[in-house]
Amino acid sequence: MDKKYNHKAIETKWQKRWEQAGVLRPEEMRKAKKPFYNLWMFPYPSAEGLHAGHAFASTGSDVQGRYQRMRGRHVFQPIGFDSFGIHSENFAIKIGDTPQNMLKRTTATYTRQLKSLGHGYDWTRTVTTSDVDYYRWTQWLFIELFKAGLAYKKKAVVNWCPSCKTVLADEQIMTPAQAGKIPAGYKSLEEVPAGVRVCERCGSIPEQRELSQWFLRITDYADRLLTNLNKIDWSERVVKAQREWIGKKEGIKISYPIEGHDATVVCFTTRPDTNFGATFVVVSPEYAKDHLLKLVPEELEQNVSKYIETSLSKTEQQRQTEEKIKTGVFTGLYAINRLNGYKMPIWVSDFVLAGFGTGAVVGVPGHDKRDFEFARTFNLPVVRVVVGPDGDTSEITNLQKVREEGEGVMINSGFLNGLGVDEAIVDIVDYIEKKGWGKRETAYHLRDWLISRQRYWGPPIPMIYCEKCAKEGRSWFSEQTAQSENSSSLEGPRHSGGASQSRRISRTEPLHADQSDWESAGWWPEENLPVELPEISDFKPKGEGQGPLADHPEFYETTCPACGAPARRETDVSDTFLDSSWYFLAYPNVDTKAYQQSLRGYGKQSTVKSAKNNSRSISPLDPKVSSKWLPVNLYFGGAEHAVLHLMYARFVTQALHDLGYLDFEEPFPRFFAHGLMINDGAKMSKSRGNIVNPDTYIEKFGADTLRLYLMFMGPMDGSPDFRDSGIEGARRFIARVWNLYVDYDSSSSKSLEAPINIGAARISAVDESKLTVKLHQTIKKVSKDMESFSYNTALAAIMELVNAMRDNPKDINREVLVDLCKLLAPFTPHLCEEIWCEILGEEFSVHLSTWPQFDPKKVIEDTVAVALQVNGKTRSIMKVAIDQSQDKEALAKLARENEKIKYYIEGKNAKEIVVPGKIVNFVF
RNA sequence: GCCGGGGUGGCGGAAUUGGUAUACGCGCACGACUUAAGAUCGUGUCCCUUUGGGGAUGUGGGUUCGAGUCCCACCCUCGGCACCA
């Protein structure tokens, strides 16, 4: 028995042993029991290797897994690599290597690092998204979505990152602060004007380009993504973020006739009750160009055209960052408000967004700040409407002025009748609908998911284009799905599953419906998957709107599966978030026949069948395995993915559910958002150069010390600051624990070899030693804290127990030694295994042992400290025997006899308030 | 601007949800051991103090026998959304 604590020897020894024995693999998973699927968001293997932030998060997940295993659960804890994508590719370019080569090194590094942390992953079931065996199924997923009408191509104004040379999804554009990047041309974050958005990856300001791109119709699921949020147990801030991002708004689309023309202008509003105060209509430049320009009187036409052209020449970015002074031009047209016959002048202004609602807004300056500013700028009248029972419930600060200056006219819509605003809105919407002047609408902030990337390192989108089919007016893919419904739709066959059928207006509506370039597109038959990503040397992005694969005829030249004519492959690859939208479904399936089946040569008929009745003819998901192993019981990850990965994964899961592949809708019923680790008060990032590499600490102190320190630093959902000095404390604690066992072993080896019959004849709690009471209190506290991820306080309690043991060495017995070892096992697995097997002589492994139970009788102490207060201020503390502590009168009597209290209440007519077992408060 | 989280010692952070504020750890100081340094162990450590006490949980009010915790107003800070109709 080595008396000195040698972390290296201990840790390598047990890591090997665990792996050999398969301790951390749920052996029986295929049998009756449902496993506890404990998942940490898989990392992308960056060239820098795992940093302390990863170590913090993954340890938090592993601690929970080990705890659950000791609680008797069948823990399945897999790991993999999110290796496809721009991040990996960019780095490969930077170091002048291919992504393939680089990944061989980086995944090896990550594997080594994750193993060295002692995490209990099941390494026999793992996925790497850039493996052909994985991404052929990502391609299958795309095809499934396409066949369901959930994938389509459209020409749209999209975000183009000039540095990454590809388009990006809306979710991948954020504020510089969120991205942690300062865009070029600015020195600090503070300098960057509000409204500037940057590429999540590189911090460049994206340009607007009109390109034809592949989208996934996530907006069809907006409603379910929203309502299901009520059914899942997630960190509140993530739920909020998702809700905001989906941004559901109920309202009404109202048509206003244009005076003197057989035309209308259509506006969306959520507050039709204020419509009586409408004094003008404003339309976006885009709306004006498409719908109104032809109606504008000749004398104004030049003026209006000029304004439109100037506005359109600016990018959205410019329009938003420019000073928010209202500009606009009158069209000479009037819209009639049929509620009151008011003639509203129609204006064009760039403050109205083309992409939201209809692109036209009814101006109610009495109730909207922006409308008010516009009215002020152009001297339009302001009318206020009585909108609440007590006058006005929608007070807008600037509008105070209107009242004070007597500018506004108050009118009563007559729609209130003593009702609240919400009821009044329902009333008026009903009224307008009945009259046929408008229609209820639901608008969402969520837009469809743009997944095309003009890059190399991703799964090629498995689609092909056939010119011959196009010329002959033949849409060959629709023949494939001839038996499926709605195949005539422009955007492919409409999905008819459980998705919301309500039409929506949102930015997803194509501005220019032009599908001519993909009318003949069809999927590469599943039986011929994968569409393999060729190894090429010129894989750098060119930035010409096409990916590098477009330079490789040997890749894109193919024959049309429908007519046999020469055809062209899609040369874009898909977004890396598509890879990660289903990886958690793959883990339990990777060793199944379903997942491993070769797609090549699979019967063609079954493809048609699968499109028709959603039979599971080809699928990586074994239904039996999926229903037993899924969904994920506990998902552990960063909140930064709130509107990215988590939203996409939910969407894909819901879609696969509707297609009959899964029997649940929500992939992660429980999600815990851990915080982001900071260092020297700043977010850990490569650009700041403050990355902490766990290797150094594992080498010097050991994985157990690092794990202990990381978990003790602060709450799991906080942002702990990594400090070198703190880790020394963790190391000291481990050494003290180790010495406790070693010392006890050598001083009284007898009692260790002969286990005491725990739980045997003990008469009452009073007879227990103080240490036993402390132990049971600790078990109680730690068990509770483990459930809520309060690892820092759990460890504080364990430290208190250790301190108590050191203070009362004579009271130490086998029970406390055994239980302490178990309590600490999730945090310091190697140390505890060594103690368990080598010192305590118990059977391998502590991680398969049973979590200790506390005895309610033993958590009670024989004396209770009662605080003595005078007028609410604590003046003394009194120790009272447990049987007296509940007796109000006895407590009061004892308290009055206390010397300190006597001093304070002498000669006063003091009344006491007694809280049994807690407090005696004297009041006068 | 709107929505949400949060302000507690020199530092990271506790506080059974209205009942002994500052647990646990870091740091620091002193002591023991040591030729010495380090490691280790021990003691102390919210602030002021005339050693009787007094004052402290961002600021100011309120409710209560009693407030870090509840209510009102304000300040600061961190996140989400944002010319979204």
Side-chain angles (χ1 to χ4, degrees), chain A residues 174-175 177-178 194-195 235-245 247 249 251 267-271 274 282 284 319-320 322 324-326 349-353 355-364 367-371 373-374 396-398 443-445 506-507 639-640 642-643 675-676 708-709 712-715 717-730 732-733 735-736 739 780-781 784 790 792-800 802-803 806 865-878 903 910-915 917-924:
Chain A
M174 39 186 70
T175 64
Q178 289 165 332
S235 298
E236 195 53 29
R237 55 187 173 137
V238 179
V239 172
K240 290 257 160 61
Q242 291 225 343
R243 200 167 276 144
E244 292 274 345
W245 189 259
K249 290 194 174 70
C267 303
F268 176 78
T269 179
T270 55
R271 292 294 303 273
T274 63
V282 207
S284 62
R319 279 202 235 167
Q320 291 199 359
E322 272 173 8
K324 288 174 183 175
I325 294 167
K326 298 281 179 289
S349 174
D350 62 7
F351 88 85
V352 179
L353 302 175
F356 186 81
T358 60
V361 178
V362 58
V364 189
H367 295 269
D368 183 279
K369 197 181 159 189
R370 292 151 307 172
D371 293 351
E373 284 164 6
F374 192 78
I396 295 166
T397 335
N398 278 17
Y444 295 94
H445 173 256
S506 72
R507 286 187 278 197
E640 70 273 19
V643 294
L676 283 183
L708 184 77
Y709 174 57
F712 183 62
M713 282 165 80
D717 57 358
S719 308
D721 201 343
F722 195 97
R723 268 151 219 248
D724 275 22
S725 60
I727 201 164
E728 313 256 359
R732 272 201 286 272
F733 174 74
R736 280 199 285 260
N739 289 333
K780 187 181 178 185
K781 165 98 178 129
K784 191 180 159 235
S790 307
N792 57 332
T793 52
L795 284 167
I798 294 172
M799 286 173 182
E800 281 189 59
V802 170
N803 290 343
R806 280 153 50 82
V866 174
L868 303 181
Q869 300 183 329
V870 178
N871 286 328
K873 284 204 192 283
T874 304
R875 297 300 182 182
S876 183
I877 285 159
M878 172 172 82
Y903 169 85
K911 223 171 59 180
E912 74 272 354
I913 289 157
V914 183
V915 182
K918 287 231 166 103
I919 271 173
V920 182
N921 189 9
F922 290 95
V923 196
F924 50 84

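Chain A is the first sequence line, chain B the second, and so forth, proteins listed ahead of strands; every chain is numbered from 1.
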In Watson-Crick or G-U wobble terms, both distances under 3.5 Å, what is the partner of B:rG44?
B:rC28

B:rU20, OP1 or OP2 - any side-chain N/O from A:R875 closer than 4.0 Å?
no

Without decimals, in angstroms, what is the distance between A:K240 NZ and B:rC3 C1'?
8 Å

Between the base of B:rC65 and the side chain of A:K911, is one N or O donor paired with an acceptor at under 3.5 angstrom?
no

For atom CZ of A:F922 and atom C1' of B:rG19, their distance in whole Å
15 Å

From the set B:rA85, B:rG25, B:rU20, return the single nucleotide nearest to any side-chain atom of A:A865.
B:rU20

Within 45 degrees of the ring normal and closer than 6.0 Å to the centroid, is that where the cationic atom of A:K326 sits relative to A:F374?
no

Could you check how far NE2 of A:H445 sits from C1' of B:rG80, rounded to whole Å?
11 Å

On a heavy-atom basis, which atom in A:A730 and which in A:L708 lie closest, and how many Å separate them?
O-CD2, 3.6 Å

By the rule that syn is within 90° of 0, classify the base conformation of B:rU17 as syn or anti.
syn

How many whole angstroms separate atom OH of A:Y444 from atom P of B:rC81?
19 Å

For atom CG of A:D717 and atom P of B:rA14, their distance in whole Å:
9 Å

Phosphate OP1/OP2 of B:rU40: any A:N739 side-chain N/O under 4.0 Å
no

Among B:rG25, B:rC83, B:rA85, the nucleotide that comes nearest once only the side chain of A:T270 is considered
B:rA85

Between B:rC81, B:rG13, B:rU20, which nucleotide has the shortest distance from any of its atoms to the side chain of A:T874?
B:rU20

The side chain of A:N792 lies closest to which of these nucleotides: B:rC83, B:rA14, B:rG25?
B:rA14

Quote, to the nearest angstrom, the P distance that separates B:rG7 from B:rG68.
13 Å

Separation of A:M174 atom CE from B:rG80 atom C1', in whole Å?
11 Å

Specify the glycosidic conformation (syn or anti) of B:rG52, with syn defined as within 90° of 0.
syn

Return whichever of A:K784 or A:A797 has its heavy-atom-nearest nucleotide of RNA chain B closer to the 5' end.
A:K784

Interatomic distance, A:Q869 CD vs B:rU64 P [rounded to whole Å]:
17 Å

A:I877 has its side chain closest, among B:rU20, B:rC24, B:rC84, to B:rU20

Checking all strands, does A:R237 fall into the base, sugar-phosphate, or nothing category for heavy-atom contacts under 4.0 angstrom?
nothing

Mind checking the P distance from B:rC28 to B:rG79? Whole angstroms is fine.
31 Å

Base-pairing assignment for B:rU50 (Watson-Crick or G-U wobble, both under 3.5 Å)
none

Identify the heavy atoms of A:S349 and A:V282 that sit nearest to each other, and give their distance.
CB-CG1, 3.4 Å

Nearest-angstrom distance from the residue atom CD of A:Q242 to P of B:rG4
18 Å

Less than 4.5 Å apart, any side-chain heavy atom of A:V364 and any of A:R271?
no

Checking B:rC83, B:rA23, B:rG19 against the side chain of A:V915 (C-beta onward), the nearest is B:rG19

Least distance between heavy atoms, A:F268 atom then A:A443 atom
CZ-CB, 3.7 Å

Given B:rC65, B:rC84, B:rA23, the nucleotide with the shortest approach to the side chain of A:E800
B:rA23

If we take the P atom in both B:rA67 and B:rG18, what is their distance in whole Å?
14 Å

Between B:rG1 and B:rG19, how far apart are the P atoms? Round to whole Å, please.
36 Å

A:F356 side chain: which of B:rC83, B:rA85, B:rG66 is closest?
B:rA85

Taking the same atom, C1', in B:rA15 and in B:rC46, what whole-Å distance lies between them?
16 Å

Give me the distance, rounded to whole Å, that separates B:rG10 from B:rG62 when you measure between the P atoms they each carry.
28 Å

Go ahead and name the base partner of B:rC2; Watson-Crick or wobble counts if both distances stay under 3.5 Å, otherwise write none.
B:rG80

Considering only side-chain heavy atoms of A:R732, which listed nucleotide, B:rC26, B:rA23, B:rC84, is closest?
B:rC26

Given the rule in the side-chain contact (heavy atoms from CB on, under 4.5 Å) test, do A:F733 and A:I798 qualify, once you have shown the distances and angles that lead to the verdict?
CA-CA 10 Å; A:F733 174 74; A:I798 294 172; 4.1 Å; yes

Shortest non-hydrogen pair, A:D371 vs A:G363, comes out as OD2-CA, 3.5 Å

When you check the glycosidic angle of B:rG9, does it come out syn, meaning within 90° of 0, or anti?
syn

Please report the distance separating the P of B:rG80 from the corresponding atom of B:rU17, rounded so that it comes out in whole Å.
33 Å

Among the nucleotides B:rU20, B:rC84, B:rC41, whichever has the atom closest to the side chain of A:K249 is B:rC84

Using Watson-Crick geometry (N1-N3 plus N6-O4 or O6-N4) or G-U wobble (N1-O2, O6-N3), each under 3.5 Å, B:rU64 is paired with none

Can you measure from CE (A:M799) to CZ (A:F712) and round to the nearest 0.5 angstrom?
4.0 Å

Mapping A:R806 and A:M713 onto RNA chain B by nearest heavy atom, which one lands closer to the 5' end?
A:M713

With C1' as the reference atom in both, quote the distance from B:rU63 to B:rC71 in angstrom, rounded to an integer.
7 Å

